[in-house]
Amino acid sequence: MSRACRRSGLLGHVGDPEHGWPDAPAELAELQAELGARSPVPWRPPTDRPTRIGGCFCCFPRGVEGFGERGDPLWVAAVTYEERRRLASVVRTDRARAPYVAGLLAMREGPALAAAVAELTVAPEVLLVNATGRDHPRAAGLAYHLGAALDLPTVGVTHRPLLATGDWPADAPGAAATLTLSGTPVGAWVRTRAGRRPLVAHAGWRTDPGTAVEVVRLATGTARTPVPLREARRLARRARALR
DNA sequence: GCGACAG
DNA sequence: ATCTTGTCGC
């Protein structure tokens, strides 16, 4: 076991949201490199029954723009859905562990998201995360990292890639176009609504680009944003409004 | 070296 | 992330 893993307690503490989130940039980068080098067993959605799909999201105080800093208050929500039914939800407040730095988002939001998801009374089978996965300098973006920390398959969903490149898909619902990083497929643009900007579905923990696109399609209702992610975002922002 | 760079 | 502004559509 590496120093980063031993210090962070990632190995041997799978599922414990208090572990696996080093708060020093060099240590996080070391852990990301180690996680990114792994090849976790691929997961696929069941074909004979509905999939329990979760989502998590955190938001920050309004009126505060920029990169933020350690200690920023935040509101975080997590939900579990099965088809159109919400089976569980969690809303809580927490604190950011660091400012936002591209490539080190896990340091800012990781512990809060992990804690919220861990409190769900009905666990999802796959979790949507507002972050990249293998599209990352060390192939271990927050969506991928969160899945490793929680021992849960994950799919990232963002407005744009971090490093990967690729053309947009056709303007038809469900259309997808692969995004690659150094020749490796790491995700795909997905058109969830005709006439709207496509989202990026990111390969995460135990998911490849094809599975990421499939989960986003399964989770999408009438809105551009997949239902569990949209609902987690709504709950987090509602909690902020009640502050 | 400099800018760009998920949220 | 959050904000502002503008535009289209229900």
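Reckoned from all heavy atoms, side chains included, excluding hydrogens, waters and symmetry mates. Order of the sequence lines sets the chain letters (A, B, ...), proteins ahead of strands, with each chain counted from 1.
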Using a cut-off of 4.0 Å on non-hydrogen atoms, how would the nucleic acid contact of [X] be classed: base, sugar-phosphate, or nothing?
{"X": "A:Y100", "answer": "base"}
{"X": "A:P137", "answer": "nothing"}
{"X": "A:G156", "answer": "nothing"}
{"X": "A:Y144", "answer": "nothing"}
{"X": "A:L163", "answer": "nothing"}
{"X": "A:R237", "answer": "sugar-phosphate"}
{"X": "A:L104", "answer": "base"}
{"X": "A:H159", "answer": "sugar-phosphate"}

Parallel, tilted or perpendicular: ring planes of A:W205 versus A:Y144, cut at 30 and 60 degrees: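 Judged by the thresholds at 30° and 60°, the geometry between A:W205 and A:Y144 is perpendicular.
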Return a table of donor-acceptor pairs under 3.5 angstrom between the side chains of residues 183-192 of chain A and protein atoms on other chains or two or more places apart.
| residue | atom | partner | partner atom | Å |
| --- | --- | --- | --- | --- |
| A:W189 | NE1 | A:G166 | O | 3.1 |
| A:R191 | NE | A:A170 | O | 3.2 |
| A:R191 | NH1 | A:R196 | O | 2.8 |
| A:R191 | NH2 | A:P169 | O | 3.0 |
| A:T192 | OG1 | A:R224 | O | 2.7 |

Side chain of A:A102 (C-beta onward), nearest among C:dC3, B:dA6, B:dG7: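 Of all the options, the side chain of A:A102 is nearest to B:dA6.
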Side-chain donor/acceptor of A:N130 to backbone N/O of A:V157, under 3.5 Å: yes
Short side-chain to backbone donor-acceptor contact, A:R197 and A:H159, under 3.5 Å: yes
Whole-Å distance separating the [atom1] atom of [X] from the [atom2] atom of [N]:
{"X": "A:L179", "N": "B:dA6", "atom1": "CG", "atom2": "P", "answer": "14 Å"}
{"X": "A:L229", "N": "B:dA6", "atom1": "CG", "atom2": "P", "answer": "17 Å"}
{"X": "A:L162", "N": "C:dA1", "atom1": "CG", "atom2": "P", "answer": "15 Å"}
{"X": "A:L142", "N": "B:dA6", "atom1": "CG", "atom2": "P", "answer": "13 Å"}
{"X": "A:L128", "N": "B:dA6", "atom1": "CG", "atom2": "C1'", "answer": "15 Å"}
{"X": "A:E109", "N": "C:dA1", "atom1": "CD", "atom2": "C1'", "answer": "8 Å"}
{"X": "A:R138", "N": "B:dC5", "atom1": "CZ", "atom2": "P", "answer": "17 Å"}
{"X": "A:E65", "N": "C:dT4", "atom1": "CD", "atom2": "C1'", "answer": "13 Å"}

Closest heavy-atom pair and its distance - A:P50, A:E82: CB-CG, 3.8 Å
[N], OP1 or OP2 - any side-chain N/O from [X] closer than 4.0 Å?
{"X": "A:R240", "N": "C:dT2", "result": "yes"}
{"X": "A:N130", "N": "C:dA1", "result": "yes"}
{"X": "A:R108", "N": "B:dG7", "result": "no"}

hbond_proxy A:T132 side chain to B:dA6 base (donor-acceptor, 3.5 Å cutoff):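 Result: at least one qualifying N/O pair found.
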Over 12 non-hydrogen atoms of neighbours within 6.0 angstrom of CZ in A:R62: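 No.
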